[in-house]
Participant: 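Just passing along the structure, written as structure tokens.
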Amino acid sequence: MDKVILKTDFNKLKLFKRGKVRDIYDLGEFYLLISTDRISAYDVIMNQGIPGKGKILTKISEFWFDFTKDIIESHFVSTDVGSFPSECRKYAEDLEGRSMLVEKAELIPIECIVRGYITGSGWNDYQKTGQICGIELPKGLVESEKLQEPIFTPSTKAEIGAHDENISSDRAMEIVGEETFNAIKSATINIFKKASDYAFEKGIIIADTKFEFGFYNGKIILIDEVLTPDSSRFWSRESYEKGQAQFSYDKQYVRDYLTSINFNKKPPAPNLPEDVIKNTLLKYKEAQELLTESKP
Ligand SMILES: Nc1ncnc2c1ncn2[C@@H]1O[C@H](COP(=O)(O)OP(=O)(O)OP(=O)(O)O)[C@@H](O)[C@H]1O
Ligand SMILES: [Mg+2]
């Protein structure tokens, strides 16, 4: 197994911020985005990491940034540590495989969620109201059913420790402005459709996912991570069956364990058993191999 990296302390570099999973340094012209092995569930960061998860996420995102570049430009600059600015050299060993040099963007402050199937909070909302984020859906849908067309269901971007909140398109438009809203909505749907078709061929159903966008030089670009098991619900095409919850590639082992011990979804996090860590890593790895290495 890879060495686990929970947190970086590169004291010769200027730390910009730490997210739940990524540590970001400000290198002047670029940001250095480092995917650690931290894993969060229900927005709580677990004490242990998943060794090598950050490398898997970096590989998957890099793949999709290239795959989607005909739809929209992204923040991607490089993952070649040898070509990073010289002040990074010192940390090359830890950076290898899990870091990306990216353009500095001004965040567009909503999460662009797109759903191709009805599950999770969308399924909960639909059962109560027949809608998701104010979008009226056909009656009689069952859990995990495929929607006729993918739907755009934005949410707010919450600070660490808080939960994101689903919002209507009208509310999202108020926050980001109509023109930006239309641009990120259409990019979101287009990327989702193209990527879902591709993933399906590889045996993975992308049930839903989240994108983030930002402004760079006056243009809207795709930022953050793209279509990873952390930002998406991946299901196995083989075992998919509507009318029930699906086994998911993402944090299913972690969530199941937390449910089994009645975790109250608030810090402090409990310790994860070794087999939960191992199985989680295997699922992340499997998703990465299917998406980025397997032949059609
Ligand atoms: N090119 C970029 N320019 C500016 N900010 C970026 C860029 N790419 C990503 N970010 C921001 O960096 C952070 C990435 O860290 P991370 O994904 O760990 O954060 P998080 O959003 O707290 O967690 P999670 O995504 O797990 O909910 C996010 O806040 C994201 O918006
Ligand atoms: Mg994030």
Side-chain angles (χ1 to χ4, degrees), residues 5-8 10 13-46 49-50 53-58 60-62 64-65 68-69 72-79 84 98-114 120-121 154-166 175-176 180 184 187-188 191 208-234 248-251 254-255 265 267 269 280 284:
I5 294 200
L6 275 183
K7 182 173 175 237
T8 62
F10 299 154
L13 305 180
K14 183 173 153 206
L15 183 70
F16 169 56
K17 67 171 166 183
R18 287 188 216 278
K20 287 192 285 294
V21 173
R22 269 153 276 274
D23 290 349
I24 301 148
Y25 292 86
D26 186 344
L27 302 184
E29 188 181 357
F30 303 110
Y31 285 136
L32 178 62
L33 205 61
I34 301 156
S35 299
T36 69
D37 295 328
R38 295 195 287 269
I39 186 163
S40 70
Y42 306 111
D43 290 331
V44 178
I45 301 171
M46 301 292 118
I50 308 295
K53 169 176 170 275
K55 292 187 179 180
I56 295 174
L57 296 185
T58 302
I60 297 178
S61 281
E62 179 173 10
W64 290 121
F65 281 131
T68 56
K69 66 176 188 254
I72 189 165
E73 282 175 49
S74 79
H75 69 177
F76 181 84
V77 176
S78 173
T79 49
F84 286 5
R98 63 171 75 247
S99 55
M100 194 180 282
L101 208 60
V102 301
E103 307 285 9
K104 290 170 137 178
E106 185 198 327
L107 288 183
I108 297 174
I110 60 171
E111 311 235 314
C112 292
I113 298 168
V114 51
S121 71
S155 79
T156 57
K157 249 187 98 51
E159 293 300 312
I160 265 193
H163 297 288
D164 296 336
E165 204 183 305
N166 288 347
I175 297 172
V176 304
T180 299
I184 59 182
T188 295
I191 298 169
D208 53 31
T209 193
K210 175 211 75 172
F211 301 116
E212 293 186 32
F213 297 91
F215 282 104
Y216 173 70
N217 275 347
K219 266 187 312 201
I220 296 174
I221 60 168
L222 181 61
I223 64 167
D224 202 47
E225 63 178 330
V226 176
L227 292 158
T228 72
D230 269 11
S231 67
S232 328
R233 277 196 187 85
F234 289 167
S248 167
Y249 274 88
D250 66 336
K251 298 160 192 165
V254 176
R255 293 221 182 91
K265 305 184 183 177
T280 301
Y284 273 78

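In this chain, residues are counted from 1 in sequence order. Predicted, not measured: the structure shown is a model, and the values here were computed from it. Counting starts at 1 for both ligands and their atoms, in listed order.
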Participant: How many angstroms lie between CZ in Arg98 and CD1 in Ile34, if you round to the nearest 0.5 Å?
Facilitator: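 The CD1 atom of Ile34 is 9.0 Å from CZ of Arg98, to the nearest 0.5 Å.
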Participant: Are Arg38 and ligand 1 in contact, using a heavy-atom cut-off of under 4.0 Å?
Facilitator: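 So Arg38 does not count as touching ligand 1.
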Participant: Sequence neighbours excluded, which residues qualify as side chain to side chain contact (heavy atoms under 4.5 Å, CB included) partners of Phe76?
Facilitator: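 Per chain and number, Phe76 pairs via side chain to side chain contact (heavy atoms under 4.5 Å, CB included) with Glu62, Phe65, Ser74, Thr79, Met100.
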Participant: With backbone taken as N, CA, C and O and side chain as the heavy atoms from C-beta onward, which portion of Val102 lies under 4.0 Å from ligand 1: side chain, backbone, both, or neither?
Facilitator: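 Side chain only.
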Participant: Once you restrict to heavy atoms under 4.0 Å, what part of Leu107 touches ligand 1? Side chain, backbone, both or neither.
Facilitator: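 The part of Leu107 near ligand 1 is the side chain, not the backbone.
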Participant: Would you mind telling me if ligand 1 is within reach of the side chain of Arg18, the backbone, both or neither, using heavy atoms under 4.0 Å?
Facilitator: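 Neither; no heavy atom under 4.0 Å.
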Participant: Could you list the residues that satisfy ring pair (Phe, Tyr, Trp, His ring centres under 6.0 Å) with Tyr216, not counting sequence neighbours?
Facilitator: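 With neighbours one apart ignored, the set is empty.
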Participant: Can you tell which part of Asp43 has a heavy atom less than 4.0 Å from ligand 1: side chain, backbone, both or neither?
Facilitator: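 Answer for Asp43: neither.
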Participant: For the CZ atom of Arg22 and the CG atom of Asp230, what is their distance to the nearest 0.5 Å?
Facilitator: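 Output value for this atom pair is 6.5 Å.
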Participant: Looking only at distances, please establish whether an N/O atom of ligand 1 is found under 3.5 Å from an N/O atom of Lys17.
Facilitator: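 Such a contact does occur with ligand 1.
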Participant: Going by distance only, is there an N or O of Glu212 that falls short of 3.5 Å from an N or O of ligand 1?
Facilitator: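 Yes.
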Participant: Is there a polar contact, in the sense of an N or O pair closer than 3.5 Å, between Arg22 and ligand 1?
Facilitator: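 Yes.
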Participant: Do ligand 1 and Val21 have nitrogen or oxygen atoms that lie under 3.5 Å from each other?
Facilitator: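 Val21 vs ligand 1: N/O contact under 3.5 Å present.
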Participant: To the nearest 0.5 Å, what is the distance between CG (Leu27) and CG (Leu101)?
Facilitator: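 Nearest 0.5 Å value for the CG-CG distance: 6.0 Å.
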Participant: Does ligand 1 have a heavy atom under 4.0 Å from the side chain of Glu103, from its backbone, from both, or from neither?
Facilitator: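 Near ligand 1, Glu103 shows its backbone, while the atoms from C-beta on stay back.
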Participant: When you look for heavy atoms under 4.0 Å from ligand 1, do you find them on the side chain of Lys210, its backbone, both, or neither?
Facilitator: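 Under 4.0 Å from ligand 1, Lys210 contributes side-chain atoms alone.
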Participant: Answer yes or no: does an N/O atom from Lys20 fall short of 3.5 Å to an N/O atom of ligand 1?
Facilitator: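 Yes; at least one N/O pair falls below 3.5 Å.
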Participant: Relative to atom 3 (N) of ligand 1, which among Ser231, Ala105, Pro109, Ser74 owns the nearest non-hydrogen atom?
Facilitator: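 Answer by nearest heavy atom: Ala105.
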Participant: Decide, yes or no, whether a salt bridge links Asp23 with Arg38 under the criterion of side-chain N to carboxylate O below 4.0 Å.
Facilitator: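 The answer is yes: the pair qualifies as a salt bridge.
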